[in-house]
Amino acid sequence: MLRAVIFDVDGTVADTERHGHLPAFNAAFAEHRIDIVWSPEEYGQLLHITGGRRRIAADLRARGFADGADELAAAVHRTKTRLFRERILTHGMPPRPGLVDLVTGLRAAGIRMAVATTGTRTWVEPLLQRTLGDDVLDVVVTGDDVRQLKPHPEVYRRALDGLGLPAASVLAVEDSAVGLQAACAAGVATVVVTNEYTVGQEFPGADAVLRGFDGPEPLDARRCRDLHRQRH
Ligand code: XBP
Ligand code: MG
């Protein structure tokens, strides 16, 4: 029986990457007087490196910053985290169309909800508060709470621990191949809801791949139950 749904955040709860994280990374580079401006296409390539700090460090190294790349990446990422949090507090971040209906339906059906993200708690909390409200999520596991980021399954294992549920009674909702790998490695059935950055990716092992939460066949509580039942 489906007892809980675990949501990814970036690209799943909200389309954060292109119009949220990317401008915050570029503003942080500028604030540190580093001559890097990631284009939307370049950023799309860099998304396979999870975690903003690791993403910055990898790009600094690729551009020849050998010594101190990790320390510099950590400093730039602190700035990026502050800027992104401020942006969320000032402008908000709209949930993906249809997500709020799904969450309302899951609640009404008595299906619990959690979050498993590689993002940083400083911005994750206000984003979730503004998109989903205060009393929706039982468990929120962020990149700050784990040693290994997605595609490693640690964040999913911790979310399952927090829920006190086995993997077989849960469904994950992800937007990317990397997120799918993490959920699959934790043994959790997974629906992928793609976005502009992930629509061309391969999703081996997904229980369903959808283009959005809404539309003629929306992802609702009944469909979540059906997909979960088909797997188990
Ligand atoms: C998303 C990420 C995050 C964000 C940036 O992956 O990798 O790193 O791009 O957030 P997922 P931070 O959706 O699979 O969790 O800068 O806070 O790391
Ligand atoms: Mg994601």
Side-chain angles (χ1 to χ4, degrees), residues 5-29 31-32 38 40 42-60 70 72-88 93 95-96 99 114-128 131 140-159 172-186 188 190-201 203 206 209-210 212-213:
V5 171
I6 303 179
F7 289 97
D8 168 51
V9 175
D10 286 305
T12 301
V13 169
D15 259 322
T16 46
E17 296 293 4
R18 185 166 181 159
H19 303 292
H21 289 297
L22 174 56
F25 280 112
N26 283 337
F29 288 132
E31 209 170 299
H32 287 261
W38 286 338
E42 207 175 353
Y43 187 64
Q45 301 294 319
L46 288 166
L47 279 175
H48 74 274
I49 305 161
T50 51
R53 187 174 49 75
R54 291 174 69 240
R55 190 170 298 145
I56 296 166
D59 194 52
L60 289 176
D70 286 336
L72 185 54
V76 174
H77 189 248
R78 275 194 296 277
T79 303
K80 177 262 166 181
T81 299
R82 172 176 55 77
L83 294 171
F84 189 47
R85 177 184 159 85
E86 283 168 13
R87 188 187 175 98
I88 291 164
M93 187 65 65
R96 286 189 66 178
L99 180 87
V115 149
T117 174
T118 64
T120 306
R121 191 170 283 276
T122 310
W123 63 258
V124 168
E125 281 184 340
L127 184 143
L128 292 174
T131 47
V140 175
V141 185
T142 71
D144 295 315
D145 307 316
V146 293
R147 293 174 62 143
Q148 286 166 289
L149 301 182
K150 298 175 189 176
H152 193 281
E154 184 179 354
V155 69
Y156 274 98
R157 290 190 183 135
R158 290 188 74 110
V173 184
E174 275 283 353
D175 70 305
S176 70
V178 170
L180 171 67
Q181 280 177 54
C184 285
V188 179
T190 306
V191 183
V192 175
V193 186
T194 59
N195 54 50
E196 63 169 338
Y197 270 133
T198 64
V199 70
Q201 296 178 351
F203 300 109
V209 179
L210 311 176
F213 290 94

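Atoms considered below: every heavy atom in the structure, side chains included; atoms not considered: hydrogens, waters and symmetry mates. Counting starts at 1 for both ligands and their atoms, following the listed order.
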Original post:
Can you tell me which residue and heavy atom of the protein come closest to atom 18 (O) of ligand 1, and the distance to 0.1 Å?
Top reply: Gly52 N, 2.6 Å
Subject >> Enumerated ligand 1 atoms positioned under 4.0 Å from heavy atoms of Tyr43 >> reply: 9 (O)
Original post:
Taking the side chain from Asn26 and the backbone from Trp38, do they hold a donor-acceptor pair closer than 3.5 Å?
Top reply: yes
**OP:** Check whether any N or O atom of His77, backbone or side chain, sits under 3.5 Å from an N or O atom of ligand 1, and answer yes or no.
**Re:** yes
Original post:
Counting each atom of ligand 1 from 1 as listed, which ones have a heavy atom of Thr50 under 4.0 Å away?
Top reply: 7 (O)
Original post:
Between Arg53 and Ala74, is there a donor-acceptor pair closer than 3.5 Å when you use the side chain of the first and the backbone of the second?
Top reply: no
**OP:** With the Mg ion (ligand 2) as the reference point, give the N/O/S atom of Asp8 that is nearest.
**Re:** OD2
**OP:** Return yes or no for this condition: an N or O of Gly51 is under 3.5 Å from an N or O of ligand 1.
**Re:** yes
Subject >> atom 9 (O) of ligand 1: the protein heavy-atom neighbour that sits closest, reported with distance to 0.1 Å >> reply: Arg55 NH1, 2.7 Å
Original post:
Where's the contact between Trp123 and ligand 1, heavy-atom distance under 4.0 Å: side chain, backbone, both or neither?
Top reply: side chain
Subject >> Backbone N/O of Asp144 and side chain of Thr142: donor-acceptor pair under 3.5 Å >> reply: yes
Original post:
Can you check whether Glu17 has an N/O within less than 3.5 Å of an N/O in ligand 1?
Top reply: yes
Original post:
Hey, does the side chain of Arg54 reach the backbone of Thr50 with a donor-acceptor pair shorter than 3.5 angstrom?
Top reply: yes
**OP:** Output the list of atoms in ligand 1 that are nearer than 4.0 Å to some heavy atom of Lys80, sorted by atom number.
**Re:** 5 (C), 10 (O), 12 (P), 16 (O), 17 (O)
Original post:
Where do Val193 and Phe7 land on the side chain to side chain contact (heavy atoms under 4.5 Å, CB included) test, with the steps shown first?
Top reply: CA-CA 11 Å; Val193 186; Phe7 289 97; over 6 Å; no
**OP:** Write the atom name of the N, O or S atom in Asp10 that is nearest the Mg ion (ligand 2).
**Re:** O
Original post:
With no hydrogens and no angle check, is any side-chain donor or acceptor of Tyr156 less than 3.5 Å from a backbone partner on Lys150?
Top reply: no
Original post:
Should you measure from each heavy atom of Thr120, which atoms of ligand 1 turn up under 4.0 Å away?
Top reply: 12 (P), 17 (O), 18 (O)
Subject >> Thr81-ligand 1 polar pair, N/O distance under 3.5 Å >> reply: no
Original post:
When you measure from the side chain of Glu154 to the backbone N and O of Gln148, does any donor-acceptor pair fall under 3.5 Å?
Top reply: yes
Subject >> Backbone of Pro95 reached by a side-chain donor or acceptor of Thr131 within 3.5 Å >> reply: no
Original post:
Out of curiosity, is Gly11 lining ligand 1, as in a heavy atom under 4.0 Å away?
Top reply: no
Subject >> Distance from atom 5 (C) of ligand 1 to nearest protein heavy atom, with residue and atom >> reply: His21 CE1, 3.5 Å
**OP:** Decide whether the shortest distance between a heavy atom of Val9 and an atom of ligand 1 is less than 4.0 Å.
**Re:** no
Original post:
Going through the distances and angles, do Asp175 and Arg96 end up as a salt bridge (charged side-chain N to carboxylate O under 4.0 Å, His left out)?
Top reply: CA-CA 11 Å; Asp175 70 305; Arg96 286 189 66 178; 5.9 Å; no
**OP:** Just give me the atom name: the N, O or S atom of Asp175 closest to the Mg ion (ligand 2).
**Re:** OD1
**OP:** May I ask you to list the atoms of ligand 1 that are less than 4.0 angstrom from any heavy atom of Thr117?
**Re:** 15 (O)
**OP:** Report the member of Leu46, Asp8, Asp10 with the shortest heavy-atom distance to atom 1 (C) of ligand 1.
**Re:** Asp10
**OP:** Indicate yes or no for a side-chain donor-acceptor contact from Arg85 to the backbone of Thr122 under 3.5 Å, with no hydrogens or angles considered.
**Re:** yes
Original post:
Checking Thr194 side chain against Val192 main chain: does a donor-acceptor pair fall under 3.5 Å?
Top reply: no
**OP:** Run the ring-centre check on Trp123 versus His21 and record whether the distance is less than 6.0 Å.
**Re:** yes
**OP:** Could you check which of Thr118, Leu180, Leu47, Thr122 puts a non-hydrogen atom nearest to atom 6 (O) of ligand 1?
**Re:** Thr118
